[in-house]
2 protein chains.
Amino acid sequence: MQDPLTQLPGYVLRRASAAALARLNERLAPLGLRHIDVALMLLVEATPGLTPSRAGRVLDIQRANMVPLVARLESRSLMARQRVDGRSHALRLTAEGRSRLSRARAVVAHCEAALLRPVPVKLRPHVLPILMALWNPQDE
Amino acid sequence: MQDPLTQLPGYVLRRASAAALARLNERLAPLGLRHIDVALMLLVEATPGLTPSRAGRVLDIQRANMVPLVARLESRSLMARQRVDGRSHALRLTAEGRSRLSRARAVVAHCEAALLRPVPVKLRPHVLPILMALWNPQDE
DNA sequence: TATTGTTATACTCTATAACTATA
DNA sequence: TATAGTTATAGAGTATAACAATA
């Protein structure tokens, strides 16, 4: 018998994603971070002053779910909130946050490299374009 | 500002997977099925008599989590369990399960097609090989 | 009116530990 | 001793509704 699911790109996409995520989280755990923390920190580093709402829109995280995420990073002194408005907060990394992120970035780079390693060298340039295309499907 | 995360295959992999899964579940909902139900049904169809334990190993689902999954399909008369052993159960699709699965398969085919549509035709043959490679990463 | 941050809440998915009965 | 099925449970992750304060 042969597993019929491995013929379905969508299924393999899910399995590959779940496996990669699990390994990344495993390697980030010693830093006290999860993948989602690093995603937000990378985004805030690239866009200082970003608000939680806007960050949530970029990361596809609901406003309500940003609250515990930001609070957790703030409570660990990795991120700081600053009122910019009567209702908006500007997010910035603290010095400790930047230093933690540089270590996390090394972990991410390691995992990204491990992810690509089994892809034949000739196909590697196609990986990101293909994944970007899969991210943006057209329903008819 | 540019989103630094879209340069990371691992991140795009996750976003693509989550988006594809959400759309699939949305389209399966009218059939009363979720993606995981269809995955199990496809597997059991291809391997009649499979036990929940073995199915779980193929699908990467814990033994304990197979229980409510199989129970739900059984309670809807889509799948049947048969004792084969003092401790093992053989899983099979019922006639209703097969008919429901044929409708689900059409939904899956539609979603898979929508997933691949934005990929340039020349790159499409590389999609599955690349995803299979990403699924099986080598850590060093 | 629309948006931000927030609380509360519920639901799915997943992981672990422990138990029984069988092989 | 190892495996199958099961129960109970806890933790992520995610989604929705509602509210106050502000734009």
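Labels below follow one simple rule: chain letters A, B, ... track the order of the sequence lines, proteins then strands, and each chain is numbered from 1.
The side chain of A:R34 places no N or O atom within less than 4.0 Å of a non-bridging phosphate oxygen (OP1 or OP2) of D:dG11. For A:R81 and C:dT6, the shortest distance from a side-chain N or O to OP1 or OP2 is below 4.0 Å. The side chain of B:Q62 places no N or O atom within less than 4.0 Å of a non-bridging phosphate oxygen (OP1 or OP2) of C:dT14. For the OP1/OP2 pair of C:dG5 and a distance below 4.0 Å, the side-chain nitrogens and oxygens of A:S53 include at least one atom meeting the criterion. Side-chain nitrogen and oxygen atoms of B:R63 include none within less than 4.0 Å of the OP1 or OP2 phosphate oxygen of C:dA18.
Distance CG (A:D37) to P (D:dA12): 11 Å, rounded to an integer number of Å.
Contacts of B:R83 with the nucleic acid, taken as non-hydrogen atoms under 4.0 Å apart, are absent.
For D:dA15, its base sits under 3.5 Å from the side chain of A:N65 at one donor and acceptor pair at least. Between the side chain of A:R87 and the base of D:dT22 there is at least one donor-acceptor pair of N/O atoms closer than 3.5 Å.
Residues B:H89 and B:T51 are not in side-chain contact: their nearest non-hydrogen atoms beyond the backbone lie 4.5 Å or more apart.
Residues in residues 15-36 of chain B take part in these salt bridge (charged side-chain N to carboxylate O under 4.0 Å, His left out) pairs, two or more places apart or across chains: A:D139-B:R27, B:R34-B:D37.
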Show me, pair by pair, the donor-acceptor contacts under 3.5 angstrom made by side chains of residues 100-108 of chain B, not counting sequence neighbours?
residue	atom	partner	partner atom	Å
B:R100	NH1	B:L31	O	2.9
B:S102	OG	B:S99	O	2.9
B:R105	NH2	B:E45	OE1	3.1
B:R105	NH2	B:E45	OE2	2.8

